[in-house]
Enquirer: 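Below you will find the structure I want to go over with you.
Remember, predicted model here, so these are calculated numbers, not experimental data.
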Amino acid sequence: SGRHSVPPTWFTLHPKHRRKGRAADAADCGKILLTFSLYGENSDNTVIHSSPCPSSRSGTDVEIERSDCREHSGANGVVLDSARSSAVENTSADYSDRSIQADSETVSEDDGLVEPSAAATTKSAHDSDAEPSVSDASFEEAMETMKAASSTPDMPDDLGGGVMFEHTYLVEAKDLNSLLFGPDSQFSRDLRELQGTTDYDEQPWTWKSQDPPSLTRTCRYTKGASKLMKDVKTIEEQTYLKADGKNFAIMTRVRTPEVPFGNCFEVVLLYKITHSPESSPGEESSHLTVSYNVEFLQSTLMKSMIEGSVRDGLKENFESFAEILSQHVKLADAAGMDKEQLLAPLQTDRQSHIRLAYKYFCNFTVISTVIMAVYVLVHILLSRPGPLMGLEFSGLDLPDTFGELITSGILVLQMERFLNMVYHFVQARIQRGGDHGVKANGDGWLLTVALLEATSLPPVSCGSVDPYVVFSCNGVTRTSSVQLQTQEPQWNEIMEFDAMEEPPAMLDVEVFNFDGPFDLAISLGHAEINFLKHTPTELADIWVPLEGKLAQTCQSRLHLRIFLENTKGPETSMRDYLNKMEKEVGKKLHVRSPHRNSTFQKLFALPHEEFLIADYACSLKRKLPLQGRLFLSTRIVGFYANLFGHKTKFFFLWDDVEEVEVLPPSFTTVGTPSLVFMLKSGRGLDAKNGAKSQDKEGRLKFQFHSFASFNKASRTIIGLWKTKSSAIEQRAKLEEDHGDESYDDLDDVQSMLSIGDVTLSKEYTVEHPIDADLLMGVFDGGPLETRTMSRVGCLDYTATPWEETKPGVLERHASYKFNRYMSIFGGEVVSTQLKSPSEDGDGWTVYDVMTLRNVPFGDYFRVHLRYDVRSVASSEPPSCRCEVLVGIEWLKSSKFQKRIARNICDKLAHRAKEVLEVAGKEIASAMSGSAS
């Protein structure tokens, strides 16, 4: 038997007994929406959709799907009871005896066929049960009903367009289904806010009569503008294909009739939520797959263009979809990248002392030494004492041949080497060194770096290498321990940086070969890690290729695990940062909407923690001005322009900006003032396409002009730059102040300068044909001292005046930095000096206690120097004798004490020699000049 259906049509309801002069009664009766399906003899199913007109007194829409008597159809026996059922049945009964007249504007020519069917259908509807819309409370009950009635064994196949989204989440399938498709879910609200969706109208889930029954609903909204499309009205029809409690399939048809060729196609999405069989015991997980297809309702020549636009639009939408979903449920594939789990094996020693000793001592030197020692010992036990020969006497047995002498020498050298290895191993197990295990302090952005290993490090001249790594971020450094004689070092160390108020942009990494704090240490390779160009998942386990001639030749790499987390939370951190900027800028800074922030992040491919502070329309000055928009955020300055489809996009870091300059109006800037960003040498090369010029030192210059409000823009930009540059200096100063805390508790400066337990060794002696009092001018803080210290490589030298602390003893403080020739690390020195006359009164003694910072193991020791300047009696012309003594006070134990002591004594003795020689030449030059 055939089936004939009439599409849904609105009919006007009239009273049963119409009276003359009461034409207004027709308007009060409302309208009814009817759909008729006519079957043959064996099919009695009829579906009625009824809804009162918006002008009716109830003011609410009612959707009813009716079935015929249950005794005629056992398949359609699923009914949801609700508080609205009785009201719906009464409404149907009131109108069942009334005549129905089709509206002339909506009814087709088949009116004669429709009206008899309508009367019969309305009458049968009075005897059947209603199926109302599903309320929020009954959504879970509806899922259980579909589970009981489900008869589809398999999930539908993915759609032909391909899989757009696929992830596994640590959540039960039914909970993920409720989160995504439950009535007015929190996920849906968050997603709409991020995407800028407005005018959202979500219809309730209603039953759809089929075998088995399914749920369907319609959502209407205005999709926010994107870089691909303007605001557009969208209609989504969602239908459940399967819901058995563990597996769910939802078909979504999306129509956008207002877009170009929008009536020619519709986008079909298939959401599949399946129970993941790979879930760990006790932890449920589910797999979400979204596939798509484009179904064309009409043939069009723009098919390929439409498919490409749909694919790009869906990709952009599901990026924000994934971002919001990850905030509600945890990714199963990201669970393995959890910080605590990744760092837990590094917190404790993974290898026993026996295993480490086996790896360390299993080499040719140790094995050959042991074999020879055993061989000699066995020989001694088997040999009998011989007669005394030559110069031997009782108790002294000398080698009798040159072979015995050579064998003894080799054995002694091997034993010495073996004992040194044992000493180094024991010291390495007692003291790890470096900043491993130092916990971070504060609240804000915490940076944790796990240094695992390095591969293929280049050897130095002696054929071996003692590598260590220095990390620098926002002016703060962290140093690893030194690994002995290996090109494949294994560190397994964790370094934490104290909390920062704003997210860092760059982490500098450099690998050195250790040979003392003052040597020109050889850089084995370096690298820069830009947090804006790597995702957290990539940073959680990253191999960093090292740059530099040596490293690139050997293809050296460093294995790191980096974690950057915000303990304050994104909203609190954003408000705190904007409040801080408002004080510097002098104007109110507003928090941008999530949708605008998301658009900005996608435009420059930035991580989600980067938020927009301000943006201004302006022109980029190159050979020809280019109109675009300047974006300012916490870490970058970005520019974007789209001129007739030709896009220009670049950004550089605030950390790379050396200077921001305001230029007056000129003819080339169309009579408007301009802002010039000058970057540091060799930085920001990725943005070179937008630079106006590059100077001889490799510094890029970017010039922007034609701002709508130049004063407003310049005040904000300069304020942000000053705050950013000063923040790094303040952090470095805080690190210095933290280093000073160990000295603040000293009750007496004399105790700090006490050298009773420090052995001083004489390193340098010289005699100058200059009076001792004149030579002491190098310690008086005058021009002679300033010129001398500058010439020997002491930068930014400052010294306080001498003050008498007790009779005959003067004290002062000095600070300076070493140049790169003196120390590759450019370390800083804080010095406390005491000056007193000698006991015999013929000269002076100067004690100098130096604390070194920003050099390896600088917190392990203090350097003590003593200058003895004595007049030489009865000499013409007057002359003096100078002696320099050096000693080291160890604050911590280290296996590198001998190497550090030798390095320091050599370097500082050479520096003292230069100081006295330069001072002598300066004084002699001044004396000869005055004599002439």
Enquirer: Considering only NZ, NE, NH1 and NH2 on the basic side and carboxylate oxygens on the acidic side, decide whether Glu295 and Arg253 come within less than 4.0 Å.
Expert: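 Salt bridge: yes.
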Enquirer: Please tell me whether Phe321 and Phe187 form a close aromatic pair, meaning their ring centres lie under 6.0 Å apart.
Expert: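 Centroid separation for Phe321 and Phe187: below 6.0 Å.
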Enquirer: For residues Val267 and Val310, report the shortest heavy-atom separation together with the two atoms involved.
Expert: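 For Val267 and Val310, the tightest heavy-atom pair comes out as CG2-CG1, 3.8 Å.
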Enquirer: With a 4.5 Å heavy-atom cut-off, do Phe265 and Thr300 have their side chains touching?
Expert: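 A side-chain contact is absent here, since even the closest heavy-atom pair is not under 4.5 Å.
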Enquirer: As a quick check of understanding, evaluate side-chain contact (heavy atoms from CB on, under 4.5 Å) for Val268 and Leu159, giving each step before the final call.
Expert: CA-CA 8 Å; Val268 184; Leu159 299 181; 3.8 Å; yes
Enquirer: If you define the side chain from C-beta out and look only at heavy atoms, does anything of Leu700 sit under 4.5 Å from Leu685?
Expert: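 The answer is yes, as the side chains (C-beta and beyond) meet within the 4.5 Å cut-off.
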Enquirer: Tell me, yes or no, whether the heavy-atom count around His328 atom NE2, taken from other residues, nucleotides or ligands under 6.0 Å, exceeds 12.
Expert: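 Above 12, so yes.
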Enquirer: Would you say the rings of Phe704 and Tyr616 are close, in the sense that their centroids are separated by under 6.0 Å?
Expert: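 Centroid distance Tyr616-Phe704: not below 6.0 Å, so no.
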Enquirer: Roughly how far, to the nearest 0.5 Å, is the CE atom of Met164 from the CG atom of Asn293?
Expert: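 Going from CG on Asn293 over to CE on Met164, the span is 11.0 Å.
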Enquirer: Given 3.5 Å as the limit, does a donor-acceptor pair link the side chain of Ser598 with the main chain of Pro594, or not?
Expert: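 Not at all, since once roles are kept as given, no pair shorter than 3.5 Å links the two residues.
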Enquirer: Hey, is the main chain of Gly262 close enough, under 3.5 Å, to the side chain of Thr256 for a donor-acceptor pair?
Expert: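 Side chain of Thr256 to backbone of Gly262: no pair is present.
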Enquirer: Mind listing the closest non-hydrogen atom pair of Lys649 and Leu603 along with its distance?
Expert: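 Result for this residue pair: NZ-O, 2.9 Å.
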Enquirer: Sequence neighbours excluded, which residues qualify as ring-ring contact (aromatic ring centres under 6.0 Å, His included) partners of Phe261?
Expert: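 Here no residue qualifies.
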Enquirer: Can you tell if the side chain of Ser619 reaches within under 4.5 Å of the side chain of Gln627, non-hydrogen atoms only?
Expert: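 Result yes, sub-4.5 Å side-chain heavy-atom pair found.
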Enquirer: Going from CZ on Arg192 to OG1 on Thr222, what distance comes out if it is rounded to the nearest 0.5 angstrom?
Expert: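 The distance works out to 12.0 Å.
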Enquirer: Between Phe181 and Tyr271, does the ring centroid distance fall short of 6.0 Å?
Expert: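 Between Phe181 and Tyr271, the centre distance is under 6.0 Å.
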Enquirer: Counting C-beta onward and ignoring hydrogens, is there a side-chain heavy-atom pair between Val591 and Phe611 closer than 4.5 Å?
Expert: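 A side-chain contact is absent here, since even the closest heavy-atom pair is not under 4.5 Å.
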Enquirer: Do you know which two heavy atoms are closest between Ser188 and Tyr200, and how far apart they sit?
Expert: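 Looking at all heavy atoms of both residues, the shortest contact is OG-OH, 4.0 Å.
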Enquirer: Is the NZ atom of Lys174 crowded by more than 12 outside heavy atoms at less than 6.0 Å?
Expert: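 It does not: Lys174 NZ has 12 such atoms or fewer within range.
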Enquirer: Is the closest side-chain donor-acceptor distance between His287 and Glu166 under 3.5 Å?
Expert: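 Yes, Glu166 and His287 have a side-chain donor paired with an acceptor closer than 3.5 Å.
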Enquirer: Quick one: do the Thr634 and Glu610 side chains pair a donor with an acceptor below 3.5 Å?
Expert: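 Side-chain D/A pair, Thr634 to Glu610: present.
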Enquirer: Which value, rounded to the nearest 0.5 Å, describes the distance between Ser633 atom OG and Leu653 atom CG?
Expert: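 Going from the OG atom of Ser633 to the CG atom of Leu653 covers 9.0 Å.
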Enquirer: Among side-chain atoms of Arg217 and Gln238, is any donor-acceptor pair under 3.5 angstrom?
Expert: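 On atom types as modelled, these side chains qualify, holding a pair under 3.5 Å.
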Enquirer: Does Asp199 come within less than 4.0 Å of Arg220, counting only side-chain N to carboxylate O?
Expert: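 The answer is no: the pair does not qualify as a salt bridge.
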Enquirer: Working to the nearest 0.5 Å, report the span between NZ of Lys533 and CG of Leu606.
Expert: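 Going from the NZ atom of Lys533 to the CG atom of Leu606 covers 11.0 Å.
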Enquirer: Determine whether His595 and Ser320 make a side-chain contact, defined as any pair of heavy atoms from C-beta on separated by less than 4.5 Å.
Expert: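 Side chain of His595 against side chain of Ser320, heavy atoms only: no contact under 4.5 Å found.
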Enquirer: Can you see which heavy atom on Ala687 is nearest to which on Phe650, and at what distance?
Expert: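 Taking Ala687 first and Phe650 second, the nearest heavy atoms are CB-CD1, 3.7 Å.
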Enquirer: For residues Ser178 and Phe139, determine if any side-chain heavy atom of one lies less than 4.5 Å from a side-chain heavy atom of the other.
Expert: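 The answer is yes, as the side chains (C-beta and beyond) meet within the 4.5 Å cut-off.
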Enquirer: Set out, in order, the CA-CA distance, both residues' side-chain angles and the distance that settles side-chain contact (heavy atoms from CB on, under 4.5 Å) for Asp175 and Val329, then state yes or no.
Expert: CA-CA 10 Å; Asp175 294 334; Val329 291; over 6 Å; no
Enquirer: Does the Lys602 side chain pair with the main chain of Glu316, one donor and one acceptor, at a distance under 3.5 Å?
Expert: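 Pair found, side chain donor or acceptor close to backbone of Glu316.
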Enquirer: Which atom pair, heavy atoms only, marks the closest approach of Gly638 to Phe651?
Expert: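 Heavy-atom minimum between the residues: CA-CB, 3.7 Å.
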Enquirer: Check the pair Ser185 / Leu180 against side-chain contact (heavy atoms from CB on, under 4.5 Å), numbers first and verdict last.
Expert: CA-CA 7 Å; Ser185 66; Leu180 297 180; over 6 Å; no
Enquirer: Counting heavy atoms not belonging to Leu297, are there more than 12 under 6.0 Å from its CG?
Expert: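 Yes - once you tally the heavy atoms of other residues, nucleotides and ligands closer than 6.0 Å, there are more than 12.
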Enquirer: Tell me, yes or no, whether the heavy-atom count around Asn689 atom CG, taken from other residues, nucleotides or ligands under 6.0 Å, exceeds 12.
Expert: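 Counting other residues, nucleotides and ligands, CG of Asn689 exceeds 12 neighbours.
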Enquirer: Any side-chain heavy atom of Met143 sitting closer than 4.5 Å to one from Leu215?
Expert: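 Yes, side chains in contact.
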Enquirer: Would Asp201 and Gln203 count as a side-chain contact (heavy atoms from CB on, under 4.5 Å) here? Give the steps.
Expert: CA-CA 6 Å; Asp201 179 24; Gln203 298 296 321; 3.0 Å; yes
Enquirer: I'd like to check Leu632 versus Val637 (side-chain heavy atoms, cut-off strictly below 4.5 Å). Are they in contact?
Expert: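 Side-chain contact under 4.5 Å: yes.
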Enquirer: Between Glu609 and Arg635, is there a side-chain N and carboxylate O pair less than 4.0 Å apart?
Expert: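 Yes, Glu609 and Arg635 are salt-bridged.
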Enquirer: Minimum heavy-atom separation for Arg622 and Thr648, please, with both atom names.
Expert: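 Smallest interatomic distance, heavy atoms only, reads NH2-OG1, 4.1 Å.
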Enquirer: Asn642 side chain to Lys647 main-chain N or O, any donor-acceptor pair under 3.5 Å?
Expert: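 It does not hold such a pair.
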Enquirer: Rounded at 0.5 Å granularity, tell me how far CD in Glu319 sits from CD in Gln601.
Expert: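 Between atom CD of Glu319 and atom CD of Gln601 there are 11.0 Å.
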Enquirer: Say whether, by atom type as modelled, one donor and one acceptor occur between the side chain of Lys272 and the main chain of Pro156 under 3.5 angstrom.
Expert: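 Yes: the side chain of Lys272 pairs with the backbone of Pro156.
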Enquirer: Using 0.5 Å steps for rounding, measure from the CG atom of Leu241 to the CE atom of Met146.
Expert: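 Between atom CG of Leu241 and atom CE of Met146 there are 8.0 Å.
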